[in-house]
Structure formats: C-alpha cells, structure tokens
Amino acid sequence: MKTLILSTDENAVRKAYQFLCERSIATEAKGLHLSLSGALPGDGYEVLRTNYDLSSYGLIVLSDRDFDQEIAGAIASNMDIPCVTSCSNIELGDEGIRFQRVVYGGLAHMNLLTQRTPLVMTVSCAAFGEGPFSDLPIDRLEAAGSGTRSRIVSSREIEKGVDLGSAKRIVAVGRGVAKKEDLEMIDQLTRALEAELGCSRPLSEDYKWLPLERQVGLTGETVKPQLYLAVGISGQVQHIAGMRDAGVVVAINNNKGAPIFDCCDYGLVGDLYEIVPRLTEVLSGRA
Amino acid sequence: MNIVVLVKHVVDSTEVRFDKKTGELRLRGLPEKISDYDKHAIEAAVQLKAKLGGTVTALSFGAKDAQKSLKEAVALGADEGVLVFHGQANSIYDPLLIARILCRAIEHRDGCDLVLSGAMTEDVTNKIVGSAVASLLKRPHISNVSQFDVGDSGNILATSEIDGVEVETESQLPAALSVLRKLNEPRLATKIQIMKVPMKKVSTISLGDIGMEEDLAALQGFEIESYSPITNDRKRIVIEGGTNEGTEKLIGLLQEEGVL
C-alpha cells in the first residue's frame, strides 16, 4: 500500500518508518518532514495541501506528538477520510487493516478493524523502538511565518528539573507515605541507589508534595528504568501504564492484596517505615 | 459571546475491569461522569461568560445517559445542554465522525464564537476531536491551553504546552481551544444541584435533525472488534522473611538481575 510517513519532527518520520517496517507495512513508503518554523499546525496543513499531492496515498502515517495529531485531524477532516490515533500496532490481513490502541488508563487494548482506505493513522510515540533506524529518503516542506487569524508570538522549551524518562533507576512513592516530612527517608534510599525520585498521582496532584514532572503514570511520565522500586504504591492501572516497560519492578507495600503485587517481579509485604531505612542502610554499607 | 463546550460523558476509567468469568471488558453499571478535562473547559466557559456576557452551551454526542453530564454542565453554570443522541454512540470509535457530528450540530445552531474542549478524553484517549471540529468549521485551533484570555475585541492570548514547548499564541475569534487540566480549578456541583436542573434545559436532537444519516454503521470508519487485556508479564515473587531477611534477599536478587 502506498504510504506517506509525515511528521513535524524529522526523527519521528524515521521512527514511524521503522515501526511500519517491523510490521511489513511500509513497502511503498515516502517520508515527509513538515517543518513548522514558527507556524501553527493549521497553517502547516495549508502549506502541505497546496504543495503536496496527498490523494495518491492509501495510508498517511504520523506520530502522536501534539502538532502531528493536529495535522492528522486537519488532513482527515479536509479529505473526508477516517483517522485512528495513538496506535500501538497495525496489521494487514485479508479482512482489512487491524489497529490496536491503549484505552481505559492502560487496562486494555481496543482492537479495531477497517476496510476503508485511504485513512490517516497516528502511531503512539511509546510504541517506537530504540533504533538504529533504517534510512528513508525524507522530503522537506517548510511552513514558515504565520496565518492571519492565529500566530505564535513566542515559544520556549519547557525546562524540566528532572528527566524521569531517561532515568536508569527510579524509586517511586505513593500514598503509603504518611506525611511530607517522611519523603526525606525516601530521598536517602534514592541517594543510596543513585536513583531518581518518582511518585504516583495522589502525591503530586492531590497532596502537591512533589512536582508533576515526578508523576509516573498515564497522566504523568512514561518511564523505562532498569530498576523500578514502588514504595507504598497500590498499583492503579493508570500508574502501571507509566512504568510497564521498566526492567525489574520491586514493590514494597503493607497490604498484601495491593494490585501492585500482580505487576511486580519482587514484592516485599511489610511496613515501608521499617524496610526503607533497612534497605538504605544495607545499600549504603555495601558501597 | 457565544461559547460551545464539547462534553463527553464517560464511565469512570478507574472502575473498568475485565469480567473474570467471561473475559469481556465490563463497561456497564459503572460510575459515570464528565470526562475530567472537559470539566476544565466548562469552568473556563463559565468564567468567560461572567466576564464578557453571552451564552454557554454544553454539547455532547452520546446515548441517553449523556443527559446526566449535560445536566451537570448546566448545574456548573452552562445555560443549556444539547445532546446529539444516538443509541449506539457509546460503542463506536471514530474521532473524525464524532467531530463531523459535533460540527454539524454547531452549524445547526447557527454557529458560535468560541469552541472549548478538553485536551483529551479520559476513557479512550481521543485528542483530536477538538482540533478536527475547528478544522471542519474553518477556524483556528489552539491546543493544550494552560492559560488564556479573551479581550474585548475578540483577540485571544493563550499559553499552551505543546510537544515539550511552551507556546504563546495570539488568535482571533471565531476560534477553538482545547484545554489542559492545569488551566483552572473547576467548581463542583452537588447531587441536589444537578437534580434540580430542569429537564427542559437539556434538549435532544438526532443525527437526522442535523442532516446526517442515522445508520452509524454505514458512517463509521472503524469497527471495534474486541478489547483485550494488557497483561503484566512479571515474576510476581513475594519475598518472605520479614524486614531484615527480606531486605537481604531482595538485594541478592537484584544483584543477580544485574540492576544494582
């Protein structure tokens, strides 16, 4: 099937190409980098529409980055074709094309089937592999400047105090920690492990003990450390969705019925106020 | 200023489970609510109306149960709710079809100055309905808005968080914005306040009323074949032996795994 791989991010074009190659989809693929230099997606789409013939493609693939999804919506609405978003899988079969996407906070895959082409698809960035990525010739279109009814006045990178996404080890805390002052005890363990500190949603959104950028889960960061130590975290599916790709998962919780024990490699049932200091002590002594 | 807020009625995602006997995803008989992000869009609309006057209409495509969310939107300060009703609305996946339906409904009501929506739906993580509605209405869309203000002349200054970049934009009404949860702190409505909303505040229209075919199966781009559980392939080893012994064992295991 003739496929166009399009993104406002050049690397995402390569990653999406790899994703499709691994699934034997991109036999006739073209790459296109739509560079939005200060333009909004709506204006980007106008440049695309006037300079590029989209009508010859059966499948138009983008990533699920924010700008890409807006372009995807603009393409689909203008061409009057369907659009499926944030897919984690695609499969060509006799009955049509099947798509898989994550729904209900990471609890389930929604499995979709269509016989309709052309169509637009966005691929979940979480489904992209690590690389190296196969080479694909990538055309480039530049959407500079701005429209008359909307324009970007200024933009700046959002500085992150912490980058959980690239951390090798993470100690994450949840509601099992009774008060904010006790986070110091967790910090000591984090230092002994040379880990980053993460948390579940209640600690950042409800109690506001920790900044949002430390929140692991569906509405927070998606992480893939080699070691993930969940301390006093019950293990809601929304949290699990953020740490599913971790290497080894350890859970410490005093409730042996907590769902986290179904999602961990090693579980310690007990009082975190005893286990954490002991763990810190042994790990510090070992170094 | 006339504002339309796009509202999705959803089941509480934290309560959704696979039925242990049948293996089916159980979506019936669960607590229902307004999708979290949309509450922030309603709040923004109500605040804007207080400042600039006009009307706030909550618009939803849904089955009959979506009337509850529209009543709640009225209790939260919307002037009225409009439901585009379809019995099978809860069992389709097609963000573009939904956008087309919402766009037609807005046009059916002679348009509006501003469309507000949540940046995503919490159940099936749709993020493009708002921008697709804007695209169909041929008006600018500003996504992921964390802060905004509309001036007297209809100019909008907004701050968004897009792909890790903070973007300040200037746009002009008519426009559409999708909002993040950090935009505001939504007010709450009590059960009694919601109950007291007269039914006449929520009107129901059909796909036929907005000039569309009633047969959704013919319109939709995708068929939902099934839901499958996302499993956790973990060892699930519970370490016995209390604090001291357990800790020692754990460290030994983690060394074997090569992660210490």
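The sequence lines fix the lettering, A, B, ..., with proteins before strands; numbering per chain opens at 1.
With sequence neighbours excluded, the residues forming a side chain to side chain donor-acceptor pair (under 3.5 Å) with A:Asp163 are A:Ser166, listed by chain and number. With sequence neighbours excluded, the residues satisfying ring-ring contact (aromatic ring centres under 6.0 Å, His included) with B:Tyr93 are B:Phe222.
The candidate from A:Gly106, A:Gly270, A:Gly42 with the greatest count of non-hydrogen atom pairs under 4.5 Å with chain B is A:Gly106. Looking only at heavy-atom pairs under 4.5 Å with chain A, the residue among B:Pro229, B:Ser143, B:Ala99, B:Pro95 that has the most is B:Ser143. Annotation: maximal heavy-atom pairing with chain B below 4.5 Å, among A:Asp68, A:Val250, A:Asp80, occurs at A:Asp80. Of all the listed residues (B:Ile128, B:Thr231, B:Val129), the one sharing the greatest number of non-hydrogen pairs under 4.5 Å with chain A is B:Ile128.
Between B:Lys39 and B:Glu43, no side-chain nitrogen of the basic residue sits less than 4.0 Å from a carboxylate oxygen of the acidic one, so the salt-bridge criterion is not met.
Using a 4.5 Å cut-off between heavy atoms, B:Val133 makes no contact with chain A at all. Within the 4.5 angstrom heavy-atom criterion, only side-chain atoms of B:Glu257, from C-beta onward, approach chain A. Heavy-atom distances place no part of B:Leu97 under 4.5 Å from chain A, backbone and side chain included. For B:Leu173, no part sits under 4.5 Å from any heavy atom of chain A, backbone or side chain.
With contacts defined as side-chain heavy-atom distances shorter than 4.5 Å, the pair A:Leu268/A:Asn253 does not qualify.
Heavy atoms from other residues, nucleotides or ligands lying under 6.0 Å from CD of B:Gln147 number 12 at most. Enclosure of atom CD in B:Glu15 by more than 12 non-hydrogen atoms of other residues, nucleotides or ligands within 6.0 angstrom is indicated.
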